Amino acid sequence: MDKIRIRGGRVLRGAIPIGGAKNAALPLMVASLLTDQTLTLVNIPHLADITTLANLLGTLGVEIALDGHAPNGGHAGRALALTARKLAGTTAEYDLVRKMRASILVLGPILAREGRARVSLPGGCAIGARPVDLHLKGLEQLGASIELTGGYVEAKAPGGLTGARIVFPFVSVGATENLMMAATLAKGRTTLVNAAREPEVGDLARCLVAMGAGISGIDTDTLTIEGGKPLHGARHSILPDRIEMGTYAMAAAATGGDVELVGGRLELIQSAADALRGAGVTFEQGEKGVRVSRSNAALTGIDVMTEPYPGFPTDLQAQMMALLTTAQGASMMTETIFENRFMHVPELRRMGANINLHGGSAMVRGVPQLTGAPVMATDLRASVSLVIAGLVAKGDTTVARVYHLDRGYERLEEKLAACGAEIERLKDAA
Ligand code: UD1
């Protein structure tokens, strides 16, 4: 398996291009199941998760064509055309679903279109149990009968789905997306109350509207979907990846650098930017993107709590913690979305960080300097937090299990190296 080696101590200066949002691209690709016409997604990121989902959609009979090239990297796949003329099946197999939890998003669309769907339960993952009960209850409220057999969800709605009022007991991005997609083909009106307001949910809603769906309340916590009209093809440009933006903003800030996040939009990371400003980081929205910088003044500790959007995103918690390990004073980080999302803590400690865990909170006491070490991580955002720590540590850090990074960061080492980082990928000889 590939590794990434970083020699710490370089200040990041330059420009980093921000790609299309992974967490928008995945549900958008799934939306292609709702129509027999072509859905074209522009600004598609080149990531392992996208390939995993493309493989799953392929088994369901979706024809997929890549078009275009990234201007600087030569990667194909800037525009993805997906055509689900006729579904080849209604089963999403375990072997493909287990690789990525977001695969559960195919459940609502297949069921809405075909009147039945059989999708493997995704199971747990490194950051917690992550049940899908809200997805299933919501589909039942839309008239589906659901059984769990042999590790699979068997959903049936032979007469089609019917609109309903669904009140979520807490915010779920995936359940909101799954049910919003299903509701576009359900007869009548569906109201989703306490819906997720993440920008990626809004991006999906806008694409569905471009495909002919009637949706109001976009970007609010109450979505109303007038369903039942057949959807048609559309061309949709994916919004910038706010987690990629936040990650590089923290990398730049950690090194005391000055970086332009090209194509970035500051309003997408408002809560993270507010928190970072409190720690001594400066943000500025320019014409081409967002400029993030920190002068020589030291970072100061701050308290951060993860919350659904517009709160501080859980997907930036690990990176923020890496940044705060060398801030002056103490910081308290509280994770409220996932129960087991501190897997990076023991690794950061191995690099000299002073972090104590108390339930869902981490007390980070700033230390003057981290030291490089061989480290490994169990999930995507934890791995990148170790990269940030490696950028400021004294000496060499080797991050193992780079496949986690490849799920969500396109050309990470190239983008950082272009800003002056000493970072390289060590290819596995095997
Ligand atoms: C999405 C993002 C992920 C992000 C998360 C929270 C994608 C592909 N992934 O994941 O990167 O970290 O939002 O912003 O967009 N839950 C239940 N029952 C359910 C559904 C969720 O108990 O049926 C719980 C989860 O275990 C978790 C919380 O609700 O504790 C929020 O999860 P959710 O918003 O659904 O996250 P995902 O959509 O899986």
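These numbers were taken from a predicted model, which means no experiment stands behind them. One-based numbering, in listed order, for ligands and for the atoms of each. The figures that follow rest on heavy atoms only: side chains count, while hydrogens, waters and symmetry mates do not.
- Per-residue contacts place F170 under 4.0 angstrom from the following atoms of ligand 1 (heavy atoms of the residue considered): 16 (N), 17 (C), 22 (O), 24 (C), 29 (O).
- For ligand 1, the polar-atom distance check against F338 finds no nitrogen or oxygen pair separated by under 3.5 Å.
- Proximity of Y309 to ligand 1, defined as any heavy-atom pair under 4.0 Å, is not found for any part of the residue.
- Between atom 7 (C) of ligand 1 and the options N23, T306, T176, the minimum heavy-atom separation is to N23.
- Checking Y309 against R242 by side-chain atom types alone, no donor-acceptor pair falls below 3.5 Å.
- Contact annotation for K137 and ligand 1: no heavy atom of the residue comes within less than 4.0 Å of the ligand.
- The shortest N or O to N or O distance between D133 and ligand 1 is under 3.5 Å.
- Atoms of ligand 1 found under 4.0 Å from any heavy atom of G174, numbered from 1 in the order shown, are 35 (O), 38 (O).
- At a threshold of 4.0 Å, the pair R350-E347 counts as salt-bridged, since one of the basic side-chain nitrogens sits closer than that to a carboxylate oxygen.
- Of all the atoms in ligand 1, the ones that sit under 4.0 Å from a non-hydrogen atom of L134 are 18 (N), 19 (C), 23 (O).
- In this structure, of T314, I243, I337, the residue bringing a heavy atom nearest to atom 28 (C) of ligand 1 is I337.
- Taking 4.0 Å as the cut-off, E335 does not count as a neighbour of ligand 1 on heavy-atom distance.
- Note on D49 versus K22: salt bridge recorded, some NZ/NE/NH1/NH2 to OD/OE distance being below 4.0 Å.
- Taking a cut-off of under 4.0 Å to the non-hydrogen atoms of R341, the atoms of ligand 1 that pass are 12 (O).
- Checked by atom type and distance alone, the side chain of S331 pairs as donor or acceptor with a backbone atom of I302 at under 3.5 Å.
- Polar contact check, S172 against ligand 1: a nitrogen or oxygen pair lies under 3.5 Å apart.
- Checked against a 3.5 angstrom limit, the closest N/O atoms of A175 and ligand 1 fall outside it.
- In this structure, N178 contributes its side chain and H135 its backbone to no donor-acceptor pair below 3.5 Å.
- With a 4.0 Å cut-off on non-hydrogen atoms, V173 touches ligand 1 through its backbone as well as its side chain.
- Listed for the T336 side chain is a donor-acceptor partner under 3.5 Å among the backbone atoms of T306.
- A salt bridge links D315 to R341: one of the charged nitrogens lies within less than 4.0 Å of a carboxylate oxygen.
- Using a cutoff of 4.0 Å between basic side-chain nitrogens and carboxylate oxygens, R277 and D274 are scored as salt-bridged.
- Salt-bridge check for D241 with R265: failed, with every basic side-chain N at 4.0 Å or more from each acidic carboxylate O.
- Polar contact with ligand 1: present for D315 (N/O pair, distance under 3.5 Å).
- For H135, the closest heavy-atom approach to ligand 1 falls below 4.0 Å.
- Ligand 1 lies less than 4.0 angstrom from a heavy atom belonging to P131.
- A salt bridge links R189 with E226; the closest basic N to acidic carboxylate O contact falls under 4.0 Å.
- Cation-pi geometry between R118 and Y152 is satisfied (NZ or CZ under 6.0 Å from the ring centre, within 45° of the ring normal).
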